[in-house]
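Report on one structure; see the data block that follows.
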Amino acid sequence: METRKNIAAEKKRCGSHNCAQAILHTYADIAGIDEKLAMNIANSFGAGMGNMEGTCGGLVGAGLVLGLINKDKAKSMKKMRQIMNKFQERNGATQCRLLKGVGTKVVLRECPDCVADAAEFLEEELTQ
């Protein structure tokens, strides 16, 4: 698979997509859904599930893609754990507020970079 991580990151960077939408929209074709549906499915999962308290939207988007492609709960959960572990290792957090430095004033990773990381790790899991 040719990487799409830069496409996903640009969708977030230009402001047309939230983090989850950037991932799900980028991989909608292989997930078996149309792009409009992808945008609607993921519209409430940006900003750490709407309030920066939850998991990074890029990771949520990756989980949605896994579920749609695998159609197998155990397999999807195993692959999601791998993605989460790699993301945590690279960025030091998976929670939006920590990544954005809310409360700490130390930004660990910018949103487009989080999206690119989630896409990279998703692609790794999809090719295994």
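Under 4.0 Å is where a charged nitrogen must lie from a carboxylate oxygen, and between E10 and R13 at least one such pair does.
The structure places CG of L108 at 14.0 Å from CZ of R90, a figure rounded to the nearest 0.5 Å. To the nearest 0.5 Å, atom NZ of residue K5 and atom CG of residue D117 are 7.0 Å apart. Atom CG of residue L126 and atom OH of residue Y27 lie 7.5 Å apart, to the nearest 0.5 angstrom. Rounding to the nearest 0.5 Å gives a distance of 9.5 Å between CG of L122 and OG1 of T127. For the atom pair L59 CG and T94 OG1, the distance stands at 6.5 Å (nearest 0.5 Å). Taking CD of Q82 as the reference point, atom CD of E125 lies at 5.5 Å (rounded to 0.5 Å).
Judged by distance alone, the side chain of R4 and the main-chain N or O of T26 form a donor-acceptor pair under 3.5 Å.
Among residue pairs with one or both ends in residues 57-74, those qualifying as side chain to side chain donor-acceptor pair (under 3.5 Å) are N70-S76; sequence neighbours excluded.
Between N6 and E120 the shortest side-chain heavy-atom distance does not fall below 4.5 Å. At a threshold of 4.5 Å between non-hydrogen side-chain atoms, the residues K100 and C111 count as touching. For the pair F45/I23, no side-chain contact is recorded, criterion being any heavy-atom separation below 4.5 Å from C-beta on.
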Just distance, no hydrogens or angles: give the donor-acceptor pairs under 3.5 Å from side chains in residues 33-42, sequence neighbours left out.
residue	atom	partner	partner atom	Å
D34	OD1	K36	N	3.0
D34	OD1	L37	N	2.7
N40	ND2	K36	O	3.4

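A continuous path of ILVMFWY side-chain contacts below 4.5 Å connects M84 to I69, so both sit in one hydrophobic cluster. Both I30 and L24 belong to a single network of hydrophobic side chains, linked directly or stepwise wherever heavy atoms of I, L, V, M, F, W or Y lie under 4.5 Å apart.
Other residues, nucleotides and ligands place more than 12 heavy atoms under 6.0 Å from the CD atom of Q128.
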Stepwise side chain to side chain contact (heavy atoms under 4.5 Å, CB included) check, F87 with T55:
CA-CA 11 Å; F87 191 95; T55 300; over 6 Å; no

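What you find for A119 and A8 is that their closest heavy atoms are CB-CB, 4.3 Å.
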